[in-house]
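First comes the structure, then the notes that go with it.
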Amino acid sequence: MSEPNDADELAALTTSLKRHLQRRQRAGIGFLAKGDPVETKPVSVVKENLLGGTVDDMFADTAASMAANSLDELRAAIGDCQRCKLCSGRTHIVFGVGNPRARLMFVGEGPGQDEDLQGEPFVGRAGQLLTDIITKGIGIKREDVYICNVVKCRPPENRNPEPDEVAACEPFLKKQIDLVRPEIIVGLGKFAVQTLLKSNVAISKLRGNWHSYHGIKLMPTFHPAYLLRSPADKKLVWEDIKKVIKELQGENT
Ligand code: URA
């Protein structure tokens, strides 16, 4: 779990490389022709945004995020991210919030409008419901858990994130999980759960059962936004959350 998955990292690098080459093209800098001298230089870590950066910078930038030793370092390495097309419509990168040593982590899909404007996950109507689940249901403070999303920038019109966007952002989610090392992850909704589990099974089938995410217990449940539309299913989420509470209390063995 501590090592980033090679395929994911390669996908993120490929997306970054494509965008870098497109930016060079837009800036009137052609692709390297065969035979062009290629200057080699030591890889340097770049903290500013990648616009105008070099390929070396780009690789160092991704490596820096994977080498981060804290959530603050990871956030700094993500910088003013331009790694996927969601950057063009966002107001804020919504990195994540909460206790960096939380026992319990919630993972959603991606920021909505409120989250994009405020830069914090789950602060809109669905977020209020999630906060109620945490504070009134589980009986702990919102600040005691860690909350983040699969993608850190708002997809336009709240559409589902696309595969290239997930590929660009997922390494950061993995690194967040690796840094927080929660005992339990609650996956919120079909998109987050299917992304984490690499599964196409319906959330209605996955929810309520324990799964493993690289050795961490994962409880899939319905997304709070779905519950706003289908309040009758709140009781199912409560069943799932009761299992999480038992596990946190060490009663599930
Ligand atoms: N929905 C999500 O999946 N994440 C948020 O942060 C807000 C709404």
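In listed order, ligands and their atoms are each counted from 1.
When the salt bridge (charged side-chain N to carboxylate O under 4.0 Å, His left out) test is applied to Glu73, no partner is found at least two apart in sequence or on another chain. The salt bridge (charged side-chain N to carboxylate O under 4.0 Å, His left out) test applied to Arg90 returns Asp80, not counting sequence neighbours.
When only modelled atom types and interatomic distance are considered, Thr221 and Arg207 share no side-chain donor-acceptor pair under 3.5 Å. Checking Gln128 against Asp132 by side-chain atom types alone, a donor-acceptor pair falls below 3.5 Å.
Protein heavy atom in closest approach to atom 2 (C) of ligand 1: Gly110 O, 3.1 Å. Closest to atom 4 (N) of ligand 1 among all protein heavy atoms lies Asn149 OD1, 2.7 Å.
Considering every non-hydrogen atom in both Arg142 and Val97, the closest pair reads NH2-CG1, 4.0 Å. The two residues Glu115 and Gly112 make their nearest non-hydrogen contact at OE1-N, 2.9 Å.
Interface atoms of ligand 1 facing Pro121, defined by a heavy-atom separation under 4.0 Å, are 6 (O). Within the listing of ligand 1, atoms 1 (N), 2 (C), 3 (O) sit less than 4.0 angstrom from a heavy atom of His223.
Neither the backbone nor the side chain of Ala126 comes within 4.0 Å of ligand 1, counting heavy atoms alone. Counting heavy atoms closer than 4.0 Å to ligand 1, residue Glu109 contributes atoms from both its backbone and its side chain.
Considering backbone and side-chain N/O atoms, Gly108 never comes within less than 3.5 Å of an N/O atom of ligand 1.
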